[in-house]
Undergrad: 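Handing you this structure, nothing more for now.
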Amino acid sequence: MALTLDTHFVAFIDILGFSAMVQSDCESFEAPKYLELLYSAHVRANALFAKDLDATLIQFSDSIVLSRPFDMSELKGFLETIAKWQRMLLLDGLLCRGGITFGKHFSKEKFLFSKAMIDAYHLESAKARYPRIIISEDLLQLAKTSVSLDELPLIHQDDGASFVDFLTIDEVASADAVVAAVSVIKEKTKYEPSAVQEKINWLLRYTDYKFKSSNAPAQFC
């Protein structure tokens with residue numbers, strides 16, 4: 001049977017701080033601190049996306065590729081599942097960033113061949129910047145012709161990016177739990193370099209916007 005390249009939704013996602021976590025565990029003489037945490041996140045992602053029989057998840061190193069066949073009626077569910085997984089990571093003290101787009105894609109038996117994955121990677125590496133998963137403008141423009149953008153779990157930011165709104169509450173994540181998890185991340189990273197602080201401050205401002213909390217530092221003093 002000839003192999004075919006079909007159009008898929010594809011998300012490319014990076015776990016932030018992964019290299020430092022691997023280095024910490026591998027250089028420590030104590031029991032691994034992050035191995036179980038990261039493996040547990042992988043197992044939960046598999047379980048979460050397995051509910052969609054058409055979805056595929058591939059993880060290598062700190063990168064995760066999620067895909068499903070292109071069907072605009074399924075875009076909302078695809079984004080909601082990604083949001084739920086990103087929220088689960090947050091509750092474990094883990095952050096990620098990524099890009100979502102669409103295009104030709106093939107994945108089978110651990111083999112990946114995908115223009116959409118390359119495009120999603122470029123979104124993640126060049127535009128995401130903060131712990132957010134952004135959606136391509138091309139996909140948004142196409143979605144407008146068949147779905148209401150207001151119904152999609154997205155936030156549109158002033159830099160022109162639209163990202164998955166993952167700071168929402170559900171059966172496992174109350175508003176208090178989310179705000180508390182963000183506060184823990186803030187405390188753990190308060191001595192990190194400025195590049196890290198920029199990402200954390202973005203998360204704090206996003207949390208304040210969603211839950212009327214007061215985690216973000218004052219911009220003027």
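If you read the sequence from its start, that first residue is 1, and numbering goes on from there.
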Undergrad: With a 4.5 Å cut-off on side-chain heavy atoms, are Ile13 and Gln86 touching?
TA: no
Undergrad: So which of Leu140, Leu152, Ile134, Ile100 actually passes side chain to side chain contact (heavy atoms under 4.5 Å, CB included) with Ser162?
TA: Leu140
Undergrad: With a 6.0 Å cut-off on the ring centroids, do Tyr206 and Phe163 count as close?
TA: yes
Undergrad: So Phe9 and Leu139, do their side chains get closer than 4.5 Å, heavy atoms only?
TA: yes
Undergrad: Other than Ile58, which residues form its hydrophobic cluster under the rule that side-chain heavy atoms must be closer than 4.5 Å?
TA: Val10, Phe12, Phe60, Val65, Leu112, Met117, Tyr121
Undergrad: Counting distance only, does the side-chain N/O of Ser40 pair as donor-acceptor with the main-chain N or O of Glu36 below 3.5 Å?
TA: no
Undergrad: When you measure from the side chain of Asp25 to the backbone of Tyr34, do you find a donor-acceptor pair of N or O atoms at a distance under 3.5 Å?
TA: yes
Undergrad: Could you check if a side-chain atom of Leu16 sits within less than 4.5 angstrom of a side-chain atom of Pro131, using non-hydrogen atoms only?
TA: yes
Undergrad: My understanding is that only residues two or more places apart in sequence, or in another chain, count here; which of them pass ring pair (Phe, Tyr, Trp, His ring centres under 6.0 Å) with Phe49?
TA: none
Undergrad: State whether Lys127 and Asp159 are salt-bridged, where the test is any N-O pair (Lys NZ or Arg NE/NH1/NH2 against Asp/Glu carboxylate O) under 4.0 Å.
TA: no
Undergrad: Any salt bridge between Arg68 and Asp52, counting N to O under 4.0 Å?
TA: yes
Undergrad: Please identify each residue that fulfils side-chain hydrogen bond (donor to acceptor under 3.5 Å, both in side chains) with Thr81, with sequence neighbours left out.
TA: none
Undergrad: What are the two closest heavy atoms between Thr4 and Phe106, and how far apart are they?
TA: O-CD1, 3.4 Å
